[in-house]
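Below you'll find the structure, written out as structure tokens, and then a few comments.
Every heavy atom of this structure was used, including side-chain atoms; hydrogens, water molecules and symmetry mates were not.
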Amino acid sequence: MQEKYTPSDIERSRQAHWESSQSHRTLEKSTSPKYYCLSMFPYPSGKLHMGHVRNYTIGDVLARYHRMRGFNVLQPMGWDAFGLPAENAAMANHVPPAEWTYANIDHMRTQLRALGFAIDWSRELATCKSDYYRWEQWLFVRLFKAGIIYKKMASVNWDPVDATVLANEQVIDGRGWRSGALVEKREIPMYFFRITQYADELLAGLDKLPGWPERVKTMQANWIGKSVGVRFAFPYQLDNQPGKLWVFTTRPDTIMGVTFCAVAAEHPLATHAAKNKPELAAFIAACKQGSVAEADMATMEKKGMDTGLKVTHPLTGEAIPVWVGNYVLMSYGDGAVMAVPAHDERDFDFFIRYKEQFSPLKPVVAPLNWIGQEITTSPSGSGVGIHPLQWAPSISIPGGEARFWTEWDERFSEKGICVNSGKYDGLNYVQAVDAIAADLEALGLGEKKTQFRLRDWGISRQRYWGCPIPIVHCAACGDVPVAEDQLPVVLPENVVPDGAGNPLNRRADFVDCTCPQCAGPAQRETDTMDTFVESSWYYARFACPDFTDGMLDGRANAWLPVDQYIGGIEHAILHLLYARFFHKLMRDQGLVKSDEPFLNLLTQGMVIAETYYRENADGKKTWFNPADVVNDENGARLKSDGQPVIVGGIEKMSKSKNNGVDPQALIDLYGADTARLFTMFAAPPEQSLEWSDAGVEGAHRFLKRLWRTVYEHVQQGEVAIYQAGELRDELKTLRRQLHQTIQKVSDDIERRKQFNTAIAAVMELMNALIKIEGSDTLTRSVRQEVLEAATRMLAPIVPHICEVLYAELQPGADAQITWPTVDESALVQDSVELMLQVNGKLRGQIVVATHAARDVIEAAALSSAAAIKYLEGRPPKKVVVVPGRLVNIVL
RNA sequence: GCCGGGAUGGCGGAAUCGGUAGACGCAGCGGAUUCAAAAUCCGCCGCUGGUAACAGUGUGGGGGUUCGAGUCCCCCUCCCGGCACCA
């Protein structure tokens, strides 16, 4: 055995061994239970970053642990290879996205291999290859024919200068990132997946996922946003034509308080009213400026303008003014809302802002009372600005003075008993909803309805580097799906985009084709699919990546569902919801049998780092990598020129902010095992990890110490592991700690998935071992037991060094290392130390027999020196005994 | 703005079911070894007072429940993620 730990040598030789013996190749046929361990596949951005290392190390630890436990493990890897960054890189370097992508894949594959992940590389796939995406096109065609995919108009960000559609990320402060032009919303035709048809199942399915984190399930449930309410209409006459303005509300009980209606800027009523009102047309145009991102819409100042149109309140017959509101989303419900300023905060803010314009200015109708609010006397205060607490009594007095308040109070939106609501007075929420819904239904103007916040999934992208949408546009036949035997529609790979629209539009060889239906001349669709489509089913394709006769074969059902899925928390909603949806689509197409794709989910926290930038003369930002910046008491400066840079805040490592830390330097300096150990040790996996280099040294030091300890032990010659015989106390304690550690580490990895504490426990064990002296056979045999177990426990985390050390401890044992088992007899302990508290403060310790009775413990506690000191002869008021933990004496 | 999460020593973090706050590691300080340094080993290490024993105090801020709160409840601040075309 070598005296010195040389990671580069042992890692290279171990990896060569794994490769030549195909150690990580998954068995197709096995009597062992299966364990499908999947980490979210990477976008091939160029180099691995720390987030990847963290993600894939977690997966590898779980995969290797389960293999040690006798499972038949599948751990595949692939590439989410279509996407926007490839087009950006293509424009910057004048290289086709395909070339850039394949080069990145090659580099990143080498990096993943260097980290020693137990991946079955024979199943590798890349989504940009036609043997993958052809099945996506095949499914598209089937779903299109089944009506699950349909076409409708939708808003996109339009850059009028570059004449191109922009991603939300490419809109910065309302302007195009390259042109700097003010971005506009533009309506274009797009294909949609009817995900809303599965909304109920996607919501209900969350309850059948006990292996998913609560936070993810809560986020998805809120995203789907099921709400029960009433959809109803305000009738109107326009140019002597009758019409209905439809709205949805979850608060039909407040319908008697409707003061106005607000419609989205794109709403037909708004468009109509703007015809003869230039100022309204200008306002609507202003609403259409800026990005389509909901975050931008929601943080915008709430503005509106009266259309001058009036609709009729369906129950009171009152004329209700219609406004255009920039906060009303056309994509939600009917693009219009009723406004009840008395009971909705957003309506309230809007009303206060424009109160002069509501003509005549009328006090807010207040139909509800607060639950449990006692109605006593009329307050003496009057007029504007009255305290909200005085409001409820004041409005409840019949014929009493109506009041106006200027500050919102959370209680205004609580549900209560109807007042000032005509025939509905005195009804509670449920009764009022039923009565009002029944009345609206009798009028033919509304009904109860379940509404989802979830919207159908628009998948058309006006981009080149994606999977072509297999549709042909024929003047005679319309939109025709490509025939199955014509698939795949292959994306040409030699194109360099230039930022001005989709270059496919200019490729006659791609666009011009014949109609699959009438064989006449036709044009191919040039939009490509959202890259989330590729990542929605790759987990299934890994079971049978070589299958050429269909999307999936029977192996998919053998492996699915994925037993453990691991990926960043940033995917909690979109990717994970789309993948769940796709699984149900595939199930309904007879491709898979299960209902859910991922049994257990681990959402790793993000690796975040400081961002640094400089603003150029044109206002654009140049981002600098943290590795190129010094940030000390003199501020942040660029290493290369010593000039200051602006600190942009700590954010998720990303290419756009250039704050990714390259793990390569770490691997080069310390080896893969140190990189893996430190990443797992630095923080628990679900927590976000702010990157710092400090501490890596400590992880490396631990591995060196482990090596040396085994070396010194092995140098003394072979010894069998401890099996039986009388041990001195010191060794008994060490063995107890060893088996407690095995128990803890197993639980930490398998159940808690908290690897940092597993590592800490082994470190403690090693610290205890090093303190034991002596080279007698008994001592050496216990030491052998501890070292064998320690290397086995660390093997999933630092496999290279552990396999080498284990082979030194067990010469000739070349088989798969197994997980150590707990010796229950080693755990037995005769006495236990209890904490002694007086009035909840720690005042001492007592030692009692392990299973001592409560009264024995109490007596021991009361006779202890500490108790006598604090009791000063008085009897205790109460004694709390928590067996195995503590005794609390209350004075 | 809405939804979800987080805040514990100089730093990363531990405390798993309401029961010893600070495990483990980093940094720092002191010592050993060395011609010297690196590496390694030993010891100390929340804050305040005290030579010490010990006492007080302490888990973002404010309030509450409890014999006992980092952990539960209410309110607030700041930070991070997502918001449908970044992936």
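- More than 90° away from 0 lies the glycosidic angle of B/rG12, which makes this nucleotide anti.
- Within the nucleic acid shown, A/Pro684 comes within 4.0 Å of sugar-phosphate atoms alone, with no base atom in reach, counting heavy atoms only.
- Note on ring orientation: taking the six-membered ring where Trp is involved, the planes of A/His575 and A/Tyr565 are tilted (angle from 30° to 60°).
- Between the C1' atoms of B/rU71 and B/rA15, the separation comes to 10 Å (whole Å).
- Contact check for A/Met529 versus A/Tyr191: no side-chain heavy atoms found under the 4.5 Å cut-off.
- In this structure, A/Lys217 forms no cation-pi arrangement with A/Trp212, as its terminal cationic atom is not both closer than 6.0 Å to the ring centre and no more than 45° off the ring axis.
- Looking only at distances, a side-chain donor or acceptor of A/Asp344 sits under 3.5 Å from a matching main-chain atom of A/Asp347.
- Counting any heavy atom pair closer than 4.0 Å across all strands shown, A/Ala682 reaches sugar-phosphate atoms only and no base atom.
- With both ends at atom C1', the span from B/rC2 to B/rU48 equals 45 Å, rounded to whole Å.
- A/Val216 comes within 4.0 angstrom of no nucleic acid atom, judged by non-hydrogen atoms across all strands.
- Counting heavy atoms from C-beta on, the side chains of A/Trp457 and A/Tyr578 come closer than 4.5 Å.
- Remark: the separation of the C1' atoms in B/rA14 and B/rA23 is 5 Å, to the nearest Å.
- As a whole-Å value, the separation of A/Phe532 CZ from B/rC86 P is 8 Å.
- At a cut-off of 3.5 angstrom, counting only N and O atoms as typed in the model, there is a donor on one side and an acceptor on the other between the side-chain of A/Arg751 and the base of B/rU16.
- Nucleotide B/rC26 carries an anti base; the chi torsion (O4'-C1'-N9-C4 or O4'-C1'-N1-C2) is more than 90° from 0.
- Distance, A/Asn767 CG to B/rC24 C1': 8 Å, rounded to whole Å.
- Within 3.5 Å, no donor on the side chain of A/Asn222 pairs with an acceptor on the base of B/rC3, nor the reverse.
- A/Phe192 carries A/Lys152 over the face of its six-membered ring, with the cationic atom under 6.0 Å from the centre and within 45° of the normal.
- In this structure, a donor-acceptor pair under 3.5 Å is present between the side chains of A/Arg580 and A/Gln220.
- Summarising the geometry, the separation between CD1 on A/Ile749 and P on B/rU16 is reported as 19 Å, rounded to the nearest angstrom.
- Going from the P atom of B/rG28 to that of B/rC78 covers 35 Å, rounded to whole Å.
- The listed nucleotides are B/rA87, B/rG1, B/rU16; the one nearest the side chain of A/Thr531 is B/rA87.
- In this structure, of B/rA84, B/rC3, B/rU16, it is B/rU16 that holds the atom nearest to the side chain of A/Lys744.
- One finds a salt bridge joining A/Arg353 and A/Glu301 here, because a Lys/Arg side-chain nitrogen approaches an Asp/Glu carboxylate oxygen to under 4.0 Å.
- Between the side chains of A/Thr196 and A/Asp456, at least one donor N or O sits under 3.5 Å from an acceptor N or O.
- When each of B/rU16, B/rG4, B/rA23 is scored by its nearest atom to the side-chain atoms of A/Arg215, the top-ranked nucleotide is B/rG4.
- In the set B/rG68, B/rA15, B/rC24, the nucleotide with an atom closest to the side chain of A/Phe681 is B/rC24.
- Between B/rU20, B/rC54, B/rA15, one nucleotide has an atom nearer to the side chain of A/Lys869 than all others, and that is B/rC54.
- For A/Arg194 and A/Tyr150, the positive end sits near the middle of the six-membered ring, less than 6.0 Å away and at most 45° from its axis.
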Protein-proximity profile, nucleotides 70-82 of chain B, B/S/- by nucleotide at the 4.0 Å heavy-atom cutoff, equals ----------SBS

Which atoms of nucleotides 44-49 of chain B (N or O only) lie under 3.5 Å from a protein N or O atom, and what are those distances?
none

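- The distance between atom CD1 of A/Ile759 and atom C1' of B/rA14, rounded to the nearest whole Å, is 13 Å.
- As a whole-Å value, the separation of A/Asn888 CG from B/rC67 C1' is 5 Å.
- Between A/Lys841 and B/rU57, a side-chain N or O to OP1/OP2 separation shorter than 4.0 Å is present.
- Atom CG in A/Asp349 sits about 10 Å away from atom P in B/rC2, given to the nearest Å.
- Atom name C1', nucleotides B/rA53 and B/rA37: the rounded distance is 42 Å, in whole Å.
- A/Arg54 places its CZ atom 11 Å from the C1' atom of B/rG12, with the value rounded to the nearest Å.
- For A/Tyr43, whose side chain is taken as the heavy atoms from C-beta onward, the closest listed nucleotide among B/rC83, B/rC26, B/rA87 is B/rA87.
- A/Tyr870 has a side-chain polar atom (N or O) that falls below the 4.0 Å cut-off from OP1 or OP2 of B/rA55.
- A heavy-atom distance below 4.5 Å is found between the side chains of A/Val216 and A/Ile569.
- Taking atom C1' on both B/rG81 and B/rU16, the two are 25 Å apart, rounded to the nearest angstrom.
- At least one side-chain nitrogen or oxygen of A/Arg708 sits closer than 4.0 Å to the OP1 or OP2 atom of B/rC41.
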Show the numbers, then the answer: is there a side chain to side chain contact (heavy atoms under 4.5 Å, CB included) between A/Met606 and A/Glu570? CA-CA 8 Å; A/Met606 250 146 327; A/Glu570 69 271 25; 3.5 Å; yes

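- B/rG25 and B/rC3 have their C1' atoms separated by 36 Å, given to the nearest Å.
- The nucleotide whose nearest atom lies closest to any side-chain atom of A/Asn168 is, among B/rA14, B/rA55, B/rC86, B/rC86.
- Proximity note for A/Asn756 (side chain, C-beta onward) versus B/rA87, B/rG1, B/rA14: the nearest is B/rA14.
- Taking atom CD of residue A/Gln837 and atom P of nucleotide B/rA21, one finds them 7 Å apart after rounding to whole Å.
- Here the side chain of A/Arg705 is nearest to one of B/rC67, B/rA27, B/rG25, namely B/rG25.
- Using a 3.5 Å distance cut-off with no hydrogens or angles, the side chains of A/Tyr5 and A/Arg708 do not pair a donor with an acceptor.
- Among the protein residues, A/Gln462 comes within range of the nucleic acid bases, having at least one heavy atom under 4.0 Å from a base atom.
- Residue A/Arg885 places its side chain closer to B/rU20 than to any other of B/rC83, B/rU57, B/rU20.
- Between A/Arg701 and B/rC24 there is no side-chain polar atom (N or O) within less than 4.0 angstrom of OP1 or OP2.
- Looking at heavy-atom distances under 4.0 Å, A/Val171 makes no contact with the nucleic acid at all.
- Here, B/rG70 and B/rG19 have their P atoms 11 Å apart, quoted to the whole Å.
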